[in-house]
S.K.: 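Once you've had a glance at the structure underneath, I'll fire off some questions.
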Amino acid sequence: MERGTIPVSELPGGLDLYLTLESGQTYLWGRDDGRMYDGERPDGAWYYTVVDDASSDPDPDVVRVRVQDGSLEWETTAGADAEETVRRLLRLDDDLEAVVAATPDDPLLAEAYDTHRGLRLVEDPAFGCLISFICSAQMRVSRIHSMVSTVAREYGTPVEFDGRTYHAFPTPAQLAAATEDELRELGLGYRAPYVVRTAEMVADGDAHPAEARDLAYEEARDYLCQFVGVGDKVADCVLLFSLGFDQAVPLDTWIRSAIEDYYPDCDCGSYAATSRAIREQFGGEYAGYAQTYVFHHLRTGE
DNA sequence: GCCCAGGAAATAT
DNA sequence: ATATTTCATGGG
């Protein structure tokens, strides 16, 4: 096992683990106290996730992190590049101060950024992120997290670490072996066939969400829309929370209400046109960062 | 019971 | 192309 600490003061703009991992952008992390998304900030709890080993080792790696005494502590079963993995997953090398500085001076954005200092975007693995947001349709964030956790527990590879059993998110092949009826029994409802069919597409080699990374932004969004259960909004979430498209602004219910209340001129009818307008309103390059802060700010009312 | 939740697909106009 | 309808399900 590898471990280390990183002083939060060394991270430009700081780090708030609770905001980063419980603001509804990732559903692939859990908390060792078993709670998550109940609106209460934990006191020094470990957050964990399980990632595929970068090398040829078939065993997935557990990564866990917590903040204690002003430092980010990390531990992982990963060998080489362990700290690099943590830095990538939590985007610790992002300069949050530069992100805020590059964002337009706007009352709503200023309030959102000011209220939730230290919230960073995450970089989730592409397949797990894709399935997470297929499941997100018409669901509350707490239920999305429990659905994704259940799917991992039922179909993902188990990994032992520090006396506990963790589960990787299932591979495309593992999830493609599930049946629609099984997933309905796990509470996925009408999303069940979407998940199975998308997993089959990836497992069969027809397409892979990670391939969108090499495309131009709007082409990447169109590419992701070929998966069953994926429309423009879910595609934007995968681009933003997994594939490094910081300009992506998912138009969910909260952002649409923000457009209605604060930026009515950005409502251009179609998703593509409205998306372009609000992306410009939010400063372009880091518009997705602004989106994530506004989403959390409006959704929690804090 | 009623309403809503990080929407998408099928269908109708 | 754009507008309406349908689809599950737990929690308030």
Side-chain angles (χ1 to χ4, degrees), chain A residues 19-29 35-40 112 116 119 121-122 124 128-151 178-201 209 218 221-243 245 248-261 267-276 278-279 282 287-302:
Chain A
L19 292 176
T20 299
L21 297 177
E22 301 197 43
S23 57
Q25 50 170 329
T26 175
Y27 301 97
L28 300 176
W29 288 78
R35 295 171 29 175
M36 195 87 168
Y37 284 115
D38 58 4
E40 291 186 40
H116 308 288
L119 167 56
L121 285 175
V122 297
D124 275 347
C129 182
L130 178 68
I131 300 298
S132 294
F133 281 95
I134 288 174
C135 291
S136 76
Q138 295 294 103
M139 280 288 141
R140 288 170 215 274
V141 293
S142 58
R143 280 200 66 202
I144 300 166
H145 184 262
S146 70
M147 289 167 64
V148 172
S149 299
T150 300
V151 167
T179 67
E180 177 182 334
D181 286 346
E182 287 172 358
L183 294 181
R184 282 182 184 273
E185 287 182 17
L186 295 179
L188 269 67
Y190 62 81
R191 305 154 196 80
Y194 301 165
V195 168
V196 174
R197 291 176 61 189
T198 288
E200 288 171 346
M201 290 174 69
E218 292 195 347
R221 195 174 61 197
D222 288 342
Y223 178 86
L224 292 178
C225 286
Q226 74 182 288
F227 295 104
V228 183
V230 178
D232 289 319
K233 185 269 169 184
V234 166
D236 267 333
C237 287
V238 177
L239 293 177
L240 182 60
F241 304 134
S242 175
L243 300 179
F245 287 82
V249 178
L251 300 182
D252 58 75
T253 52
W254 291 102
I255 297 303
R256 286 184 183 279
S257 82
I259 291 173
E260 185 177 345
D261 295 343
D267 184 356
C268 304
S270 74
Y271 186 101
T274 302
S275 175
R276 280 191 286 266
I278 192 66
R279 188 161 64 253
F282 282 175
Y289 248 109
Q291 189 273 0
T292 299
Y293 274 79
V294 169
F295 169 81
H296 179 72
H297 188 58
L298 295 179
R299 189 182 69 81
T300 61
E302 294 175 355

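Because the structure is predicted, anything quoted here is derived from the model rather than measured.
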S.K.: Using the six-membered ring wherever Trp is involved, compare the ring planes of A:Y190 and A:Y194 and label them parallel, tilted or perpendicular (cut-offs 30° and 60°).
M.R.: perpendicular

S.K.: Rounded off to whole Å, could you give me the OH-to-P distance for the A:Y190 and B:dA5 pair?
M.R.: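 Taking OH of A:Y190 and P of B:dA5, I get 12 Å after rounding.
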
S.K.: For the side chain of A:T253, starting at C-beta, report the closest nucleotide among C:dT9, B:dG7, C:dA8.
M.R.: B:dG7

S.K.: Distance check needed: B:dA9 P versus A:Q138 CD, whole Å only.
M.R.: 13 Å

S.K.: How many Å lie between CZ on A:F133 and P on B:dA5, as a whole number?
M.R.: 16 Å

S.K.: Looking at A:S132, A:S136, A:P250, which hits side-chain contact (heavy atoms from CB on, under 4.5 Å) with A:C237?
M.R.: A:P250

S.K.: Keeping the roles fixed (side chain from A:T274, backbone from A:D267), state whether a donor-acceptor pair exists under 3.5 Å.
M.R.: no

S.K.: Look at the aromatic rings of A:Y27 and A:H145 and report parallel, tilted or perpendicular, splitting at 30° and 60°.
M.R.: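 Tilted, since the angle between the ring planes falls between 30° and 60°.
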
S.K.: Whole angstrom is fine here: how far is it from CZ in A:R140 over to C1' in C:dG11?
M.R.: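 In whole Å, C:dG11 C1' and A:R140 CZ are 6 Å from each other.
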
S.K.: Return the value, rounded to whole Å, for the distance between atom CG of A:L186 and atom C1' of C:dG10.
M.R.: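 Computing the A:L186:CG to C:dG10:C1' distance gives 15 Å.
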
S.K.: Under 4.0 Å from OP1 or OP2 of C:dA8: is there any side-chain N or O of A:R184 that close?
M.R.: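 Yes, such a contact exists.
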
S.K.: Test for a donor-acceptor pair under 3.5 Å between the base of B:dG7 and the side chain of A:Y271, counting only N and O atoms.
M.R.: no

S.K.: Pick base, sugar-phosphate or nothing for A:Y27, based on heavy-atom distances below 4.0 Å to the nucleic acid.
M.R.: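 Base contact.
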
S.K.: Using a 4.0 Å heavy-atom cut-off, does A:R191 contact any base of the nucleic acid, only the sugar-phosphate backbone, or nothing at all?
M.R.: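 Counting heavy atoms under 4.0 Å across all strands, the contact made by A:R191 includes a base.
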
S.K.: So which one's nearest nucleotide on DNA chain B is more toward 5', A:S142 or A:R197?
M.R.: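 That would be A:S142.
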
S.K.: Just how far, in rounded Å, is P of B:dG7 from CG of A:L188?
M.R.: 15 Å

S.K.: What integer distance in Å separates A:M139:CE from B:dG7:P?
M.R.: 10 Å

S.K.: Rounded off to whole Å, could you give me the CZ-to-P distance for the A:R143 and B:dG7 pair?
M.R.: 13 Å

S.K.: Would you indicate what A:G24 reaches in the nucleic acid, counting non-hydrogen atoms under 4.0 angstrom: base, sugar-phosphate, or nothing?
M.R.: base

S.K.: Quick test of your reading of the model: are A:E260 and A:R256 salt-bridged, counting only N-O distances below 4.0 Å?
M.R.: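 So A:E260 does not pair with A:R256 through a salt bridge.
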
S.K.: Could you give the distance separating B:dA8 and C:dG11 at their C1' atoms, to the nearest angstrom?
M.R.: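 Roughly 23 Å separates the two C1' atoms.
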
